[in-house]
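Reading through the structure tokens given below for one structure.
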Amino acid sequence: TNSISVKTLDSQNNVEYAKIAVNATSAKYLQNEYSVITKLSELEFVHFHLPEILGIERLASMSILTQNSLGEAGLKQAPYNAGLALLISKEISIKKSNCQKLMKANYLWELSDRVKATGIDWLKQAISQIEQDYGECELLFGLNHGDFTPWNILQDGKRIYVIDWEWSRPSVPVGYDLCHYEHQSAHNLNIAKKSLPYESGSLINLLNSLAVDETLAPLIYALYAIDWICFEILESRKHIDTLGSHSHALCLVIRELKK
């Protein structure tokens, strides 16, 4: 276990959450969540609210991040809602976005290093092919949530909260969060889909609404796919052969892009 979430209740039924990191990797992510939410708290968002961070501290070998009760009681996981996901994702990623050539973006170099670290030849070939074929393409880069899914969106009928920002990064291709939302929803919520998310018109339309050129939608999805597979292997310590149908589907997307 990398981290533990603790829920505490007082006599007024207020709830506070404490995330406890039990190793260096999870401590790094808790610190990242603290920094991201602290910075974002200075901005105003229309379609969602942030949890209020109460503090972060070290206790012996553990790091502890505490946050407030997220408002009134009765918060529930939001159902799958592509329209809501688009509105929230647009606010997160577009506010401070910038346009860069893919080849000059730090994101690509960092991703390339992570791909090399996996030691998987076909992933190395895929990222090399992307650099060669799409390196001069201009993409929008902006903040991402990192694990943007229905279960990280809470609502009570009045307010919507987006939680769990520990995997957020400041500059990734705009559209990453929507790709993650669609694929994770299809995989974990048993949403009926006859094709991979990037092949469906719905995801392409969502990406277009984020100012992503329709012709670049498969590229955005492929970058997301490579990124997520690297995370599963390097951070979650999973073997490529044990990732299951979800990640194997992502592998197929990358291979199709190479054709």
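Just so you know, these numbers come straight off a predicted model, no measurement behind them. Below, each value reflects all heavy atoms present in this structure, side chains not excepted, and no hydrogens, waters or symmetry copies.
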- What closest approach, in Å, do Ile20 and Met62 show between heavy atoms, and which atom pair accounts for it? CG2-SD, 3.5 Å
- Item | Within-4.5 Å side-chain heavy-atom neighbours: Leu223 and Tyr107 | yes
- Message: For the NZ atom on Lys116, are there more than 12 heavy atoms of other groups (residues, nucleotides or ligands in this structure) within a distance under 6.0 Å?
- Response: no
- Message: Using 0.5 Å steps for rounding, measure from the CD atom of Glu166 to the OG atom of Ser168.
- Response: 10.0 Å
- Query: To the nearest 0.5 Å, what is the distance between OG1 (Thr66) and NZ (Lys19)?
  - Reply: 11.5 Å
- Query: Closest heavy-atom contact between Pro173 and Phe141?
  - Reply: N-CD2, 3.6 Å
- Query: Is it the case that Gln129 and Asp133 place a side-chain donor and acceptor less than 3.5 Å from each other?
  - Reply: yes
- Roughly how far, to the nearest 0.5 Å, is the CZ atom of Phe48 from the CG atom of Leu84? 10.5 Å
- Task: Please check if the side chain of Glu33 supplies one atom and the backbone of Trp165 the other of a donor-acceptor pair under 3.5 Å.
- Result: yes
- Item | Neighbour count >12 (heavy atoms, 6.0 Å) for atom NZ, Lys28 | yes
- Item | Residue pair Gln155 / Pro79: nearest heavy atoms and the distance that separates them | NE2-CD, 3.5 Å
- Any Glu131 side-chain heavy atom under 4.5 Å of Ile127 side chain: yes
- Query: Atom CG of Leu50 and atom CG of Leu40: how far apart are they, to the nearest 0.5 Å?
  - Reply: 5.5 Å
- Message: Side chains of Tyr181 and Pro150, heavy atoms from C-beta outward: is any pair under 4.5 Å?
- Response: yes
- Task: Find out whether Ile220 and Leu178 are in side-chain contact, i.e. whether some heavy atom of one side chain is under 4.5 Å from a heavy atom of the other.
- Result: no
- Using the side-chain contact (heavy atoms from CB on, under 4.5 Å) rule, take Cys137 and Leu216 through it: C-alpha gap first, then chi angles, then the decisive distance, then the call. CA-CA 9 Å; Cys137 289; Leu216 295 178; 4.0 Å; yes
- Message: Quick check: is Val46 connected to Leu143 through a chain of hydrophobic side chains (ILVMFWY, heavy atoms under 4.5 Å apart)?
- Response: no
- Message: If you compare all heavy atoms of Pro51 against all heavy atoms of Gln67, which two are closest, and at what distance to 0.1 Å?
- Response: CB-OE1, 3.0 Å
- Item | Under 3.5 Å side-chain donor-acceptor pair for Tyr224 and Glu182 | no
- Item | Set of residues satisfying salt bridge (Lys or Arg N to Asp or Glu O under 4.0 Å) with respect to Asp147, sequence neighbours excluded | none
- For the side chain of Trp109 and the backbone of Met103, is there at least one donor-acceptor N/O pair under 3.5 Å apart? yes
- Item | Residue pair Gly175 / Leu207: nearest heavy atoms and the distance that separates them | CA-CD2, 3.6 Å
- Message: Applying side-chain contact (heavy atoms from CB on, under 4.5 Å) to Trp167 and His180, what does each step give before you reach the verdict?
- Response: CA-CA 12 Å; Trp167 295 344; His180 190 70; 5.6 Å; no
- Between the side chain of Thr38 and the main-chain N/O of Tyr34, is any donor-acceptor distance below 3.5 Å? yes
- Test item: Asn81 and Ile153 side chains (from C-beta on) under 4.5 Å apart, heavy atoms: no
- Task: First locate atom SG of Cys230, then atom CD of Glu110, and finally report the distance between them rounded to the nearest 0.5 Å.
- Result: 12.0 Å
- Message: Would you call the rings of His49 and Tyr161 parallel, tilted or perpendicular, taking 30° and 60° as the class edges?
- Response: tilted
- Item | Polar side chain donor-acceptor pair, Asn32 to Ser35, under 3.5 angstrom | no
- Item | Ile226 vs Ile130 side-chain heavy atoms within contact, under 4.5 Å | yes
- Query: Would a hydrophobic clustering, with Ile, Leu, Val, Met, Phe, Trp and Tyr connected at side-chain separations under 4.5 Å, put Val36 with Phe45?
  - Reply: yes
- Task: Identify the heavy atoms of Ile56 and Leu65 that sit nearest to each other, and give their distance.
- Result: CB-CD1, 4.0 Å
- Check whether any side-chain N or O of Asp177 sits under 3.5 Å from a backbone N or O of Asn144 as a donor-acceptor pair, and report yes or no. no
- May I ask you to test the Ile229-Thr118 pair for a side-chain heavy-atom distance under 4.5 Å? no
Contacts under 3.5 angstrom, residues 93-101 side chains, donor-acceptor by atom type, not counting sequence neighbours:
{"unit_1": "Ser93", "atom_1": "OG", "unit_2": "Ser89", "atom_2": "O", "d": "2.8"}
{"unit_1": "Lys95", "atom_1": "NZ", "unit_2": "Glu44", "atom_2": "O", "d": "3.2"}
{"unit_1": "Ser97", "atom_1": "OG", "unit_2": "Ile94", "atom_2": "O", "d": "3.2"}
{"unit_1": "Asn98", "atom_1": "OD1", "unit_2": "Gln100", "atom_2": "NE2", "d": "2.9"}
{"unit_1": "Lys101", "atom_1": "NZ", "unit_2": "Glu136", "atom_2": "OE1", "d": "3.0"}

- Could you state the interatomic distance from CD (Glu57) to CG (Leu30), rounded to the nearest 0.5 Å? 12.0 Å
- Task: For the residue pair Asp227 and Arg114, establish whether any side-chain heavy-atom pair is separated by less than 4.5 Å.
- Result: yes
- Message: Centre-to-centre under 6.0 Å for Tyr176 and Phe148, is that the case here?
- Response: no
- Hey, is the main chain of Asp164 close enough, under 3.5 Å, to the side chain of His145 for a donor-acceptor pair? yes
